Amino acid sequence: MAKIQPLASSPCSTSSSGVQQGTHAYTVWMKSLVFNGNGCAVYGPDGAIAFRVDNYGCRGGREVLFMDCAGNALLRIRRKGFGMFRRWEVCRCAHDGGEGGEATPWYSVRRAEKGGLAVAMHGGLGTCYMIDGCCARKPEYRVCGVDGEVVAEVARKQTAAGVVLGDDVLTLTVGLEVDHLLVLGLVVVHGLINRSM
């Protein structure tokens, strides 16, 4: 299978956007690797598939599994509630990756009052991360901490020649100090909310 190589981020692009030096870049393709499936694929810095999401069901399903490249479930993402009380709950799956194993609640995502999304850790006190740019169907958005510091960015992928690829091919830049699995789960939730996968 061919590899997809993410571009190395330039120092000027990271400093102007707020993400600190020392970042990790992923390529996110908002299409399923399974024929007629709904999901996305995440490619690591080496160009190989690192993670994938498939729900094998109707578009915008109530539950999806975030898996590693071997198919072991890492996260279970479920939609709960209706209307303005709708939220997405993200649980860590058991270490054996089995679908029937226990899942530990990790964090929940809901729409914020001032737009965007608010992320609250399970058992925590209030919001710990915010995602701006969620309400519009634009592929560019940022994940910020409560102090306003940008910890991750998503933008449309560009080739080395400067050609901007389609809305479904994204570059995810994550700071090294942030839990990458948490941010990858947020990208999936954002895609589910905006029905982009």
Side-chain angles (χ1 to χ4, degrees), residues 1-33 38-55 64-69 73-77 88 90 92 106-107 109 116-119 121 128-145 148-160 162-197:
M1 180 178 273
K3 292 185 176 183
I4 296 177
Q5 298 293 336
L7 294 175
S9 57
S10 64
C12 60
S13 67
T14 56
S15 61
S16 65
S17 60
V19 177
Q20 300 295 322
Q21 289 288 350
T23 59
H24 195 85
Y26 294 97
T27 298
V28 181
W29 185 31
M30 300 302 281
K31 296 289 181 192
S32 175
L33 295 176
N38 296 308
C40 67
V42 179
Y43 296 84
D46 60 352
I49 294 176
F51 306 100
R52 65 186 182 94
V53 175
D54 278 306
N55 65 357
V64 297
L65 292 176
F66 185 90
M67 299 170 275
D68 62 11
C69 60
L74 302 175
L75 300 176
R76 185 182 69 209
I77 303 170
W88 292 86
V90 179
R92 284 185 185 252
W106 191 12
Y107 61 89
V109 182
L117 298 174
V119 182
M121 303 304 281
C128 59
Y129 293 103
M130 292 291 295
I131 302 173
D132 63 0
C134 175
C135 295
R137 295 197 70 172
K138 299 185 302 185
E140 293 87 13
Y141 55 93
R142 297 190 279 176
V143 178
C144 303
E149 180 184 356
V150 177
V151 297
E153 286 185 312
V154 176
R156 287 176 63 182
K157 186 170 178 67
Q158 282 188 355
T159 65
V163 177
V164 179
L165 301 178
D167 288 345
D168 61 346
V169 184
L170 309 173
T171 297
L172 168 63
T173 308
V174 185
L176 296 178
E177 70 284 353
V178 182
D179 188 342
H180 290 208
L181 192 58
L182 183 141
V183 174
L184 288 164
L186 292 176
V187 170
V188 172
V189 170
H190 184 274
L192 290 168
I193 288 173
N194 288 325
R195 301 182 189 278
S196 58
M197 56 178 222

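A quick note: this is a predicted structure, and the numbers were derived from the prediction, not measured.
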When you measure from the side chain of Asp132 to the backbone N and O of Arg142, does any donor-acceptor pair fall under 3.5 Å?
yes
Taking C-beta and beyond as the side chain, do Lys157 and Leu170 meet within less than 4.5 Å on heavy atoms?
no
Please find the pair of heavy atoms, one from Gly185 and one from Ile77, that lie closest to each other, and give the distance.
O-CD1, 4.2 Å
Are Trp106 and Leu75 side-chain neighbours, meaning at least one heavy-atom pair lies under 4.5 Å?
yes
Any chance you could measure Leu184, atom CG, to Leu172, atom CG, to the nearest 0.5 Å?
5.5 Å
Could you grab the distance from atom CH2 of Trp29 to atom SG of Cys40, nearest 0.5 Å is fine?
11.0 Å
Are any non-hydrogen side-chain atoms of Glu153 and Thr23 less than 4.5 angstrom apart?
no
For a 4.5 angstrom cut-off between non-hydrogen side-chain atoms, does Val154 reach Glu140?
no
Are any of the side-chain heavy atoms of Val188 and Phe51 separated by less than 4.5 Å?
no
Could you tell me whether a side-chain N or O of Arg156 sits under 3.5 Å from a main-chain N or O of Leu165, the two making a donor and an acceptor?
yes
Are the side chains of Tyr107 and Leu186 in contact, using a 4.5 Å heavy-atom criterion?
yes
Residues Val151 and Gly145: closest non-hydrogen pair is CG1-N, 4.5 Å
Nearest heavy-atom pair of Pro45 and Ala25: which atoms, and what distance?
CG-O, 3.7 Å
Closest approach of Cys128 and Met121, non-hydrogen atoms and distance?
SG-CG, 3.3 Å
Checking the side chain of His180 only, and the main-chain atoms of Gly175 only, is there a donor and an acceptor separated by less than 3.5 Å?
yes
Shortest non-hydrogen contact from Val174 to Val178?
CG1-CB, 4.3 Å
One should read off an interatomic distance between Ile131 CD1 and Tyr141 OH, to the nearest 0.5 angstrom, of 6.5 Å
Let me confirm one number: the CG-CH2 distance from Leu117 to Trp88, rounded to the nearest 0.5 Å.
11.0 Å
Validation row: His190, Val109 side chains within 4.5 angstrom (heavy atoms):
no
If you apply the rule side-chain contact (heavy atoms from CB on, under 4.5 Å), what do you find for Met67 with Asp54, and how did you get there?
CA-CA 8 Å; Met67 299 170 275; Asp54 278 306; 4.3 Å; yes
